[in-house]
S.K.: 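Have a look at this one before I ask anything.
Everything quoted here is computed from the prediction, not taken from an experiment.
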Protein chains: 2
Amino acid sequence: MKNGDTPETTRSLTLRDVSEASGVSEMTVSRVLRNRGDVSKETRKKVLDAAKRLGYVPNKIAGALASKRVNLVAVVIPSMSNMVFPEVMSSISAELEDTELQPVVGLTNYVPEQEEKVLYEMLSWRPSGVIVAGLEHTEASRAMLRNAGIPVVEIMDVDGEPIDTAVGISHRRAGRMMAQAILKAGYEHIGFLGTKMPLDHRARKRFEGFTEALAKAGCEIEDQEFYSGGSALKKGREMTQAMLERSPDLDFLYFSNDMIGAGGLLYLREQGIDIPGQIGLAGFNGVELLDGLPQQLATMDACRTEIGAIAARIIADRTSGQESEYGKRVELTPKIQYGETLKR
Amino acid sequence: MKNGDTPETTRSLTLRDVSEASGVSEMTVSRVLRNRGDVSKETRKKVLDAAKRLGYVPNKIAGALASKRVNLVAVVIPSMSNMVFPEVMSSISAELEDTELQPVVGLTNYVPEQEEKVLYEMLSWRPSGVIVAGLEHTEASRAMLRNAGIPVVEIMDVDGEPIDTAVGISHRRAGRMMAQAILKAGYEHIGFLGTKMPLDHRARKRFEGFTEALAKAGCEIEDQEFYSGGSALKKGREMTQAMLERSPDLDFLYFSNDMIGAGGLLYLREQGIDIPGQIGLAGFNGVELLDGLPQQLATMDACRTEIGAIAARIIADRTSGQESEYGKRVELTPKIQYGETLKR
DNA sequence: GCATGGTATGTTAACGCTAACAGATAATCC
DNA sequence: GGATTATCTGTTAGCGTTAACATACCATGC
């Protein structure tokens, strides 16, 4: 504090204060507080009492510098508003729970330059590992991660060349699978609704896989629309209405995420349209929210819980020097959930 | 790395490496990299070139220890799955954007002991300030925060005694306001549906304010139900169904959050019930999602964007030694949004 | 009685950086 | 021309902790 508005200028406590208060050396205090090395019962108690009485909080900055160990894992993801990422975070946290490691998040908003900045920022804290969403990064980011000398796990996607280790699903394949399921169900006039996100490579890959599989069956997307910003549920509604007014012959709508899919679903039901008979619907992600909709939306699980858990495990294993049971590329298989909006 | 599985044991680069590579002292390198003090154009260029070529990333641990400045703001909130908190986070991030400060999140899951642990953990990194949700903490937590010698802002709630500064709304008052609006609209048989969260003090205070205002008007909650876990949308649906089967005379349902409110809304519409004529509904929070529902749910904005922004501003101001324009207690006023589920 | 070995504590020197001060050089003034 | 100032760069001494080693003490064995 610059201004002395608090009565006592609260100089932060150090080991020395505790050491003086308990009559032992700083080193002994340090040992007690970290449960390291042998310390007699009585000294231990003396020290703990003093520390508690003073309200001592160790200084990890100094500790980290001296020990060259920082028990932080940098987790770099595009956003928190996508539902998917908070869930990945939860499973990472859960998996790290009984290790010494702690996740720290950084957000990129899908902007590669911001990712680069965030990575630089986080690496400057010398974390024990990095978990980063996606395989697409600036050259500088890749160089930083390579040079960091710590485990790096790229998550969510496996369509590409990982820097170190990748854990995820193939979004191309996910797109193909959904296309095949739709065609197999007999739908023929397919519309696509998604986010306007040139930088969301996973959405792009799903779209590519989707159109590719359609093409292979001699079919093409007949209409498409992209949005950005605003309430996804509302956008789903509006885009569905707009698309059907424009292309009334469509018999299937593939949404790039569940939220806009839910909006579309609500809209179509209000219009009295028979789902999945007259029009079929599918989304992507398998968000929990879907459980409460009037009809269960067809979707595809992106395996985000497993992804988070495995990524965290890999970091934890490698940090503790163990051989990880996972290889350099862990591909999980998304499963279609047919729900009630896709004929079988 | 314990195991030498990488060819060159990537010893982390230091200022010394850059200094040697560019032929100037470490101090000058440090100055260039931080844009501090006068450095000639040519030296600056030499240093930046060398740093870039080597891929040097400064060590903030050492920097923070030496300068006793850590540009982090600890943000301690209950969870990320509540929608509300990610939004508060965003507005904090946005407000800190053009300062040197960076937010770092810690989660408590509404458990006071976990909050204590998280605070201890975060304070051991010596952040420049703390933003923490709620006014209820363990005595140890309060002591830690008091002794930390840094600005502490408690957010979301103002019903209580802040440690340092509080920014939020009065949830008691919010509950009262909603009760008054409901009564004024002529509803008389009111049911309450909420989360089973003995530790969610804000939900509790809203409930207290709500019942208090009803009591003052000689009215009482006629039925109530609490849930925990699972898809909120689905739970809203199920609880609404259960409650109406049990208490068919109810003419208003007050939900403790918008998500279960949305579930109730969808259910009642499917049952062909006239909203808000036959039954009125209201939630709490004003989440964006509501925008896409078939009918706009009545709700009350918790001012979370402003709260985040103001809290961040207070920390930023105080950190830079400025006199903050805000006092020790900033109470914002939630506004009822009547939507289409509450008669006027 | 002296080596042997554990247990409990202390001492010293980093860790990589920055604050504070101390030069060195060149430019400016009266 | 010497003092004054501005501009640039270097030197030294920590920041608060921990690793690694050193020491002191007591017990045990033969």
S.K.: How would you list, by chain and number, every residue that makes a side-chain hydrogen bond (donor to acceptor under 3.5 Å, both in side chains) with A:D164, sequence neighbours excluded?
M.R.: A:R318, A:K328

S.K.: Please enumerate all residues that pass salt bridge (charged side-chain N to carboxylate O under 4.0 Å, His left out) together with A:E139, with sequence neighbours excluded.
M.R.: A:R146

S.K.: OP1 or OP2 of C:dA8 versus the side-chain N and O atoms of A:T28: is any pair under 4.0 Å?
M.R.: no

S.K.: For A:E331, enumerate each residue passing the side-chain hydrogen bond (donor to acceptor under 3.5 Å, both in side chains) test, keeping only those at least two apart in sequence or located in another chain.
M.R.: A:R173

S.K.: Can you name the atoms? Protein N/O to nucleotides 14-18 of chain C N/O, anything below 3.5 Å, with the distance.
M.R.:
| residue | atom | partner | partner atom | Å |
| --- | --- | --- | --- | --- |
| C:dC15 | O2 | A:L65 | O | 3.4 |
| C:dC15 | O2 | A:A66 | N | 3.1 |
| C:dG16 | OP1 | A:K68 | NZ | 3.2 |
| C:dG16 | N2 | B:A62 | O | 3.3 |
| C:dC17 | OP1 | B:Y56 | OH | 2.2 |
| C:dC17 | OP1 | B:N59 | N | 3.4 |
| C:dC17 | OP2 | B:L15 | N | 2.5 |
| C:dT18 | OP1 | B:R34 | NE | 3.2 |
| C:dT18 | OP2 | B:S30 | OG | 2.2 |

S.K.: In whole Å, I'd like the distance from the NZ atom of A:K46 to the C1' atom of C:dA8.
M.R.: 12 Å

S.K.: So where does chain B start and stop touching DNA chain D, 5' to 3', when the test is distance under 4.0 Å to a non-hydrogen atom?
M.R.: D:dC8 to D:dG16

S.K.: Taking only residues two or more places apart in sequence, or in another chain, which ones meet B:S79 in a side-chain hydrogen bond (donor to acceptor under 3.5 Å, both in side chains)?
M.R.: B:S81

S.K.: Return each pair, listed once, that meets salt bridge (charged side-chain N to carboxylate O under 4.0 Å, His left out) where at least one residue sits in residues 85-102 of chain B; pairs must be two or more places apart or across chains.
M.R.: B:E87-B:R304, B:E95-B:R313

S.K.: Output every pair passing salt bridge (charged side-chain N to carboxylate O under 4.0 Å, His left out) with a member in residues 51-68 of chain B, not counting sequence neighbours, ordered by first then second residue.
M.R.: A:E121-B:K60

S.K.: Give me each pair satisfying side-chain hydrogen bond (donor to acceptor under 3.5 Å, both in side chains) with a member in residues 148-161 of chain A, each pair once, sequence neighbours excluded.
M.R.: A:H137-A:E154, A:D157-A:K205, A:D159-A:S170

S.K.: Taking side-chain hydrogen bond (donor to acceptor under 3.5 Å, both in side chains) as the test, write out the residues that go with B:D38, two or more places apart.
M.R.: none

S.K.: Between the axis at one end of the helix from C:dG1-D:dC30 to C:dC30-D:dG1 and the axis at the other (five pairs apiece), what's the angle to 10 degrees?
M.R.: 50°

S.K.: Show me the pairs that pass salt bridge (charged side-chain N to carboxylate O under 4.0 Å, His left out) and involve residues 13-26 of chain B, at least two apart or across chains.
M.R.: B:R11-B:D17, B:R16-B:E20, B:R16-B:E26

S.K.: State, yes or no, whether a side-chain contact exists between B:S93 and B:M89 at a heavy-atom distance under 4.5 Å.
M.R.: yes

